[in-house]
Amino acid sequence: MADSDTEREALLAAIANVADRLADEKEHLTDLDSAIGDADHGANMNRGFGAAVEEAESAEGEATDVVKAVGRALVSKVGGASGPLYGGSIMAASAELEGGITAETTVAFGEAYLEKMQDRGDAPIGAKTMVDAVTPAVHTYKKSIETDDLSPLEALGKAVDAAERGVDFTVPLRAKKGRASYLGWRSVGHQDPGATSTLFVLEELLATAEDYLDDETERDAAAPAEPDVDPDGTNPEAADDPAANEEAE
Ligand code: ADP
Ligand code: MG
C-alpha cells in the first residue's frame, strides 16, 4: 500500500467497519451461540472490537503496532475462548506486518494467525470452530496470490468465498472443541458462532479493501476501451471469417 498515512487510514477504517458490523450482528451471533454455547459470542465480539477501535486510534507507530493494539484490546476485553484465540493470534501475527501492508506481508499475517490459533486452541479442521473458516480463507488467499497471481483484492474476494463455504461446512459437524463440544451429537445441525464472526470480519476487510485498493480490473476499466468493431463496421478479430463480419454488420 502507498504511504504510511494512507495505510493507517485504511487500517483504522477497516477496524471501524469490523466493529460496526459486529455491533449489527450482535444478536445474530448471540442466537448462534445460544444454540450450542452460552449465548455470549455476540456480546464478546461487540465489546472486544468496540475497545479495539479506541486502542487502534490511539496507537502510535506503523501498521504492525496498530494491529497489535487491536489484538491486545481483544485479549483484555474478551474473556472466554474467543478473546485469547482472536486477540492472541492477531497479536502474534501483527509482527508479520513490519514491512507495511503488502500482498506478501498479508499472506504471512494470515499464515501466522492460523498457526497461532491452532497452537493455542488445538482444534483441527472439522472440530466445528473458527478454524474451519480461517483455514480455507488463509489457504485460498495464499494460493490466489502466490500461484494464481491474483491481485490482493481479488485474492481477498476468493478468501471470503472460501470462509463462507467453511461456515456452511460447520453446520453438519459434531463439535469437538470449546463449549459446543459438551453437547456432543446435539451440536450437529448448528452453525458455529466463531466461524461466522470470522466471516463477518473478512467481509468487512474486503469491503474496506475495495475502497482503498486500486485493483487491476479497475485499471483495465479506466484504460481506453479497444473497439470491438472497426470504424468501417467490420470485426477486426474476425477479419478472415466472413460469417463473423456479417454478424457485426
Ligand atoms: P466461549 O465459548 O468461551 O463462550 P465465545 O462464545 O466468545 O467464547 O466463542 C465461541 C467460539 O470460539 C466457538 O464458536 C468457536 O468458533 C471458538 N472456539 C472455541 N474453542 C475453540 C478452539 N479450541 N479452537 C478454535 N476455536 C475455538
Ligand atoms: Mg460463548
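We're numbering straight along the sequence, starting at 1.
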Review point. S76 side chain to A73 main-chain N or O, any donor-acceptor pair under 3.5 Å?
Key: yes
Point to revise | Sub-4.5 Å side-chain heavy-atom contact between P152 and L213 | key: yes
Exercise for review: Quick one: name the residues clustered hydrophobically with V171, using the 4.5 Å side-chain heavy-atom rule over I, L, V, M, F, W, Y, and just say none if it's on its own.
Suggested key: none
Point to revise | Separation of E164 CD from T198 OG1 (nearest 0.5 Å) | key: 13.5 Å
Point to revise | Distance in Å, L156 CG paired with E203 CD, rounded so as to fall on 0.5 Å steps | key: 10.5 Å
Study note, to complete from the structure: What one should report as the nearest heavy-atom pair of V53 and A19 is CG2-CB, 3.4 Å
Review point. Can any side-chain N or O of D132 pair as donor or acceptor with the backbone N or O of G126 at less than 3.5 Å?
Key: yes
Exercise for review: Enter the distance from T129:OG1 to D122:CG here, rounded to the nearest 0.5 Å.
Suggested key: 10.5 Å
Practice item. Enumerate the residue pairs fulfilling salt bridge (Lys or Arg N to Asp or Glu O under 4.0 Å) with a member in residues 65-85, sequence neighbours excluded, ordered by first and then second residue. Key: none
Point to revise | Closest non-hydrogen atom pair between H41 and S197, with its separation | key: NE2-OG, 2.8 Å
Review point. How far apart are the closest heavy atoms of A10 and T208, and which atoms are they?
Key: O-CG2, 3.6 Å
Check your understanding: Could you state the interatomic distance from OG (S181) to NZ (K176), rounded to the nearest 0.5 Å?
Key -> 10.0 Å
Point to revise | Distance-minimising heavy-atom pair for T30 and A43 | key: OG1-N, 4.1 Å
**Study point:** Side-chain touch T170/K128, heavy atoms, less than 4.5 angstrom
**Key:** yes
Review point. Are M130 and L22 connected in a single hydrophobic cluster, I mean Ile/Leu/Val/Met/Phe/Trp/Tyr linked by side-chain heavy atoms less than 4.5 Å apart?
Key: yes
Point to revise | Chi angles and distances behind the side chain to side chain contact (heavy atoms under 4.5 Å, CB included) call for R8, L12 | key: CA-CA 6 Å; R8 186 186 177 89; L12 292 179; 4.0 Å; yes
Exercise for review: Please round to the nearest 0.5 Å and tell me the distance separating atom OG1 of T196 and atom CD of Q191.
Suggested key: 3.5 Å
Review point. L205, V67: one ILVMFWY side-chain cluster at the under-4.5 Å cut-off?
Key: yes
Review point. Heavy-atom distance under 4.5 Å between the side chains of Y86 and V201, does that happen here?
Key: yes
Check your understanding: Looking at residues at least two apart in the chain, or sitting in another chain, which of them share a ring-ring contact (aromatic ring centres under 6.0 Å, His included) with F200?
Key -> H28
**Study point:** salt bridge (Lys or Arg N to Asp or Glu O under 4.0 Å) partners of residues 182-197, not counting sequence neighbours, each pair once
**Key:** none
Review point. What pairs with L150 under side chain to side chain contact (heavy atoms under 4.5 Å, CB included), at least two apart in sequence or on another chain?
Key: S144, D148, E154, K158
Review point. What about V160 and I145, same hydrophobic cluster or not, with Ile/Leu/Val/Met/Phe/Trp/Tyr joined at side-chain heavy-atom distances under 4.5 Å?
Key: yes
Point to revise | Summary of ring-ring contact (aromatic ring centres under 6.0 Å, His included) pairs that have at least one residue in residues 107-166, sequence neighbours excluded | key: none
**Study point:** Donor-acceptor contact present, side-chain S187 to main-chain A175, <3.5 Å
**Key:** yes
Check your understanding: Partners of T64 by side chain to side chain contact (heavy atoms under 4.5 Å, CB included), sequence neighbours excluded?
Key -> E62, S94, L97, E98
Exercise for review: Find out whether R165 and P136 are in side-chain contact, i.e. whether some heavy atom of one side chain is under 4.5 Å from a heavy atom of the other.
Suggested key: no
Exercise for review: Please identify each residue that fulfils salt bridge (charged side-chain N to carboxylate O under 4.0 Å, His left out) with E146, with sequence neighbours left out.
Suggested key: K142
Point to revise | Nearest heavy atoms of A159 and T140, plus distance in Å | key: N-CG2, 4.0 Å
Review point. Taking all atoms of both residues into account, what is the closest heavy-atom pair of I101 and A63, and its distance?
Key: CG1-CB, 3.9 Å
**Study point:** D33, D40, D38 screened by salt bridge (charged side-chain N to carboxylate O under 4.0 Å, His left out) with R179, the one that passes
**Key:** D38
Point to revise | pair E9-Y212: side-chain heavy atoms closer than 4.5 Å | key: yes
Study note, to complete from the structure: Across all chains, not counting sequence neighbours, the side chain to side chain contact (heavy atoms under 4.5 Å, CB included) partners of K116 are S89, A92, R120
Review point. Cluster question for you: counting only ILVMFWY and a side-chain heavy-atom cut-off of under 4.5 Å, with indirect links fine, are V75 and V134 together?
Key: no
**Study point:** Pairs satisfying salt bridge (Lys or Arg N to Asp or Glu O under 4.0 Å), at least one member in residues 83-95, at least two apart
**Key:** none
Practice item. Using the ring-ring contact (aromatic ring centres under 6.0 Å, His included) rule, collect all pairs that involve residues 173-198, keeping only residues at least two apart or in two chains. Key: none
Check your understanding: Can you find a heavy atom in the side chain of V131 that is under 4.5 Å from one in the side chain of P124?
Key -> no
Check your understanding: For A23, which residues count as a side chain to side chain contact (heavy atoms under 4.5 Å, CB included) partner, sequence neighbours excluded?
Key -> N46
Practice item. Check the hydrophobic clustering (I, L, V, M, F, W, Y; side-chain heavy atoms under 4.5 Å; chains of links allowed) and say if M117 and V138 are grouped together. Key: yes
Point to revise | Derivation and outcome, side chain to side chain contact (heavy atoms under 4.5 Å, CB included), residues V18 and V70 | key: CA-CA 11 Å; V18 168; V70 169; over 6 Å; no
Study note, to complete from the structure: Interatomic distance, NZ@K26 vs CG@D31, rounded to 0.5 Å, equals 12.0 Å
